[in-house]
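Here the structure is laid out as structure tokens; the discussion comes afterwards.
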Amino acid sequence: MATRFERKLVVAAKIEATYGTDAAPTGAANAMLMTDVALTPMAGSEESRALLLPYLGNQGVILTGDHTILEGSIEIAGSGTAGDAPEYGPMLRACGLQEVIDAGVSVTYAPVSTAFEAITIHYNLDGVRHIMLGARGNVSFELTPQRIPRYRFRLLGLSGTITDQPLPAVTHSGFVKPVVVNKANTSLSFAGVSPPIERLSFDLGHQVEPRLLINYEGIEIVDRQASGSVTVQAGTLAEKNWFAMAQDRTRGVLALEHGKTAGNIVGVVGPQVEVGRPTQGATQGIANYTLPLMLIPDAGNDELGIIIK
């Protein structure tokens with residue numbers, strides 16, 4: 001019996017030209033640099049025949065609704081050159097984000113509500129390759145001081161073949177080394193103030209459904225409810241009254257920028273952000289507030305923008 005090691009993993013992802021058709025990603029051109037990866041190779045449900053027989057016993061089941069789920073994280077960093085798309089761009093595009101390139105300046109990822117792109121994923125764990133077709137999903141991410149920020153992806157795909165395949169050679173040179181979240185590298189303003197921040201998170205909030213019908217099978221993004229959370233140091237009400245902002249349903253602009261060197265700057269903008277019910281706590285003996293965030297579209301498909309420059 002062969003021994004396979006969980007740390008010997010290659011995940012390659014490529015945008016599909018035709019939905020559900022293998023885009024044939026390669027390790028050399030399309031490998032993702034990931035952490036905390038988990039694969040559910042045979043997600044779905046079970047159908048019992050429930051036969052009535054003259055004896056008792058387990059009748060077994062029929063497996064239905066087969067699809068594959070991939071979860072994993074990618075470090076939040078730039079592309080190395082302002083205006084170039086990052087290597088992980090296809091993963092964001094598969095999460096309902098449109099890639100817009102301003103040559104030499106920046107690349108922006110903004111939500112869409114139609115014409116969702118999809119990717120093919122080749123997942124090779126030390127010699128056994130799983131293929132996911134038509135994969136789409138959701139992305140969330142968190143920034144915590146003194147830690148590396150990471151996107152967290154959850155992608156659903158149609159189940160392709162599972163075969164013995166040697167690990168491909170990979171190239172990760174396009175991935176840029178991240179910088180940790182701290183005062184020197186990270187700045188945030190929200191609703192006109194820039195308080196000390198203990199934690200910030202976002203979730204694009206996609207509802208993703210396997211649609212397995214007669215004459216059609218696909219993975220569909222059917223809704224989006226973008227949200228987030230921020231934990232701020234609690235100042236005086238004169239400095240910022242978060243309770244009044246929540247009670248009055250006042251919206252504010254949120255602007256985050258992480259990184260200081262061109263080619264390795266990632267920004268997040270929310271033009272219309274509402275605060276939910278604040279909760280009070282403390283860290284290191286200092287009072288804080290945790291604010292639920294609701295990211296609201298302004299003109300439409302603009303509740304959250306990721307800007308890489």
What verdict does the side chain to side chain contact (heavy atoms under 4.5 Å, CB included) test give for Arg211 and Tyr216, after you've listed the backbone C-alpha separation in whole Å, the side-chain angles of each residue and the deciding distance to 0.1 Å?
CA-CA 8 Å; Arg211 185 91 167 143; Tyr216 176 79; 4.0 Å; yes
Are the side chains of Met132 and Leu39 in touch, meaning some heavy atoms are under 4.5 Å apart?
yes
With a 4.5 Å cut-off on side-chain heavy-atom distances among I, L, V, M, F, W and Y, is there a chain of contacts connecting Val253 to Leu293?
no
Is the closest side-chain heavy-atom distance between Leu133 and Asp22 below 4.5 Å?
yes
Classify the ring geometry between Phe202 and Phe141 as parallel (under 30°), tilted (30 to 60°) or perpendicular (over 60°).
tilted
Using only heavy-atom distances, determine whether the side chains of Ser73 and Arg152 contain a donor-acceptor pair under 3.5 Å.
yes
If hydrophobic clusters are built by linking Ile, Leu, Val, Met, Phe, Trp and Tyr wherever their side-chain heavy atoms come under 4.5 Å apart, do Ile296 and Leu254 end up in the same one?
no
Arg4 and Asp126: CA distance, side-chain angles, deciding distance, salt bridge (Lys or Arg N to Asp or Glu O under 4.0 Å) verdict:
CA-CA 6 Å; Arg4 294 166 57 221; Asp126 200 8; 5.5 Å; no
Regarding Thr144 and Glu142, do their side chains bring together a donor and an acceptor under 3.5 Å, going by distance alone?
yes
Does the side chain to side chain contact (heavy atoms under 4.5 Å, CB included) test come out yes or no for Asp164 and Val128, once each step is laid out?
CA-CA 5 Å; Asp164 288 326; Val128 175; 3.5 Å; yes
What do you reckon, are the aromatic ring centroids of Phe243 and Tyr289 less than 6.0 Å apart?
yes
Closest non-hydrogen atom pair, Glu47 against Thr64
CB-CG2, 3.8 Å
Can you check side chain to side chain contact (heavy atoms under 4.5 Å, CB included) on Val179 and Asn264, steps first, answer last?
CA-CA 9 Å; Val179 296; Asn264 197 15; 4.2 Å; yes
So Phe116 and Tyr19, side chain to side chain contact (heavy atoms under 4.5 Å, CB included) or not? Walk me through it.
CA-CA 10 Å; Phe116 299 105; Tyr19 182 79; over 6 Å; no
N/O donor-acceptor pair under 3.5 Å between Ser48 side chain and Ala50 backbone
yes
Check whether Ile76 and Val37 end up in the same hydrophobic cluster, where Ile, Leu, Val, Met, Phe, Trp and Tyr are linked by side-chain heavy atoms less than 4.5 Å apart.
yes
Is Asn58 reaching over with its side chain to a backbone N or O of Gly60, donor-acceptor style, under 3.5 angstrom?
yes
Do Met34 and Arg150 come close enough that some side-chain heavy atom pair is under 4.5 Å?
no
Check the hydrophobic clustering (I, L, V, M, F, W, Y; side-chain heavy atoms under 4.5 Å; chains of links allowed) and say if Val10 and Met32 are grouped together.
no
State, to 0.1 Å, how close Pro271 and Asp298 come at their nearest heavy-atom pair, and which atoms those are.
CG-CB, 4.2 Å
Rounded to the nearest 0.5 angstrom, the CG-CG distance for Leu304 and Leu97 is 7.5 Å
Only one of Asn185, Asn182, Thr186 clears side-chain hydrogen bond (donor to acceptor under 3.5 Å, both in side chains) with His258; which?
Thr186
So, Thr120 side chain and Ala23 main chain: donor-acceptor pair closer than 3.5 Å or not?
yes
Is it true that a side-chain atom of Ser189 and a backbone atom of Gly192 form a donor plus acceptor pair closer than 3.5 Å?
no
Between His130 and Tyr123, is there a donor-acceptor pair closer than 3.5 Å when you use the side chain of the first and the backbone of the second?
no
Can you tell me how far apart NE2 (His206) and CD (Glu220) are? Round to the nearest 0.5 Å.
12.0 Å
So do the side chains of Leu158 and Leu212 get within less than 4.5 Å of each other, counting heavy atoms only?
yes
Distance-only polar pair, side chains of Asn301 and Ser113, donor-acceptor under 3.5 Å:
yes
Roughly how far, to the nearest 0.5 Å, is the CG atom of Leu167 from the NZ atom of Lys8?
6.0 Å
Exam field: side chain Ser79 to backbone Thr81, donor-acceptor pair closer than 3.5 Å
yes
With side chains defined as the heavy atoms from C-beta onward, is the minimum distance between Phe153 and Ile74 less than 4.5 Å?
yes
If you compare all heavy atoms of Met91 against all heavy atoms of Ala13, which two are closest, and at what distance to 0.1 Å?
SD-CB, 4.0 Å
Name of the residue among Arg136, Arg93, Lys14 meeting salt bridge (charged side-chain N to carboxylate O under 4.0 Å, His left out) with Glu117
Arg93
Shared hydrophobic cluster, Ile306 / Ile148 (ILVMFWY, side-chain heavy atoms < 4.5 Å):
no
I want to check something: taking the side chain as every heavy atom from C-beta on, are Glu198 and Asn288 in contact at a cut-off of under 4.5 Å?
yes
Is the side chain of Lys240 donor-acceptor paired with the backbone N or O of Ala191 at a distance under 3.5 Å, no angle test?
yes
Would you say the side chain of Leu188 lies within less than 4.5 Å of the side chain of Leu200, judging by non-hydrogen atoms?
yes
Side-chain touch Arg249/Met294, heavy atoms, less than 4.5 angstrom
yes
Taking side-chain hydrogen bond (donor to acceptor under 3.5 Å, both in side chains) as the definition, give me every residue that meets it alongside Thr290, ordered by chain and number, with sequence neighbours left out.
Thr231
How many angstroms lie between atom CD of Glu16 and atom CD1 of Ile119, to the nearest 0.5 angstrom?
8.0 Å
Please check if any side-chain donor atom of Ser201 sits under 3.5 Å from a side-chain acceptor atom of Ser229, or the reverse.
no
Donor-acceptor contact present, side-chain Arg224 to main-chain Val112, <3.5 Å
yes
At their closest point, which heavy atom of Ala226 faces which heavy atom of Glu303, and how far apart are they?
CB-CG, 4.0 Å
Check: Gly83 main-chain N/O paired with Asp102 side-chain donor or acceptor under 3.5 Å:
no
Evaluate whether atom CD of Glu209 has more than 12 neighbouring non-hydrogen atoms of other residues, nucleotides or ligands under 6.0 angstrom away.
yes
Please identify which of these residues, Thr108, Val268, Val100, Val266, meets the side-chain contact (heavy atoms from CB on, under 4.5 Å) condition with Ile307.
Thr108
So how far is it from Asn30 CG to Ile121 CD1, rounded to the nearest 0.5 Å?
11.5 Å
Can you name the nearest heavy-atom pair linking Tyr88 to Ala77, along with the distance?
OH-O, 2.5 Å
Show the nearest heavy-atom pair for residues Ser227 and Leu295, with the distance to one decimal.
C-CD1, 3.7 Å
Any sub-3.5 Å donor-acceptor pair from Gln59's side-chain atoms to Leu51's backbone N or O?
yes
Rounded at 0.5 Å granularity, tell me how far OG in Ser45 sits from NE2 in His67.
9.0 Å
Should the heavy atoms of other residues, nucleotides or ligands under 6.0 Å from CD of Gln207 be counted, would the total exceed 12?
yes
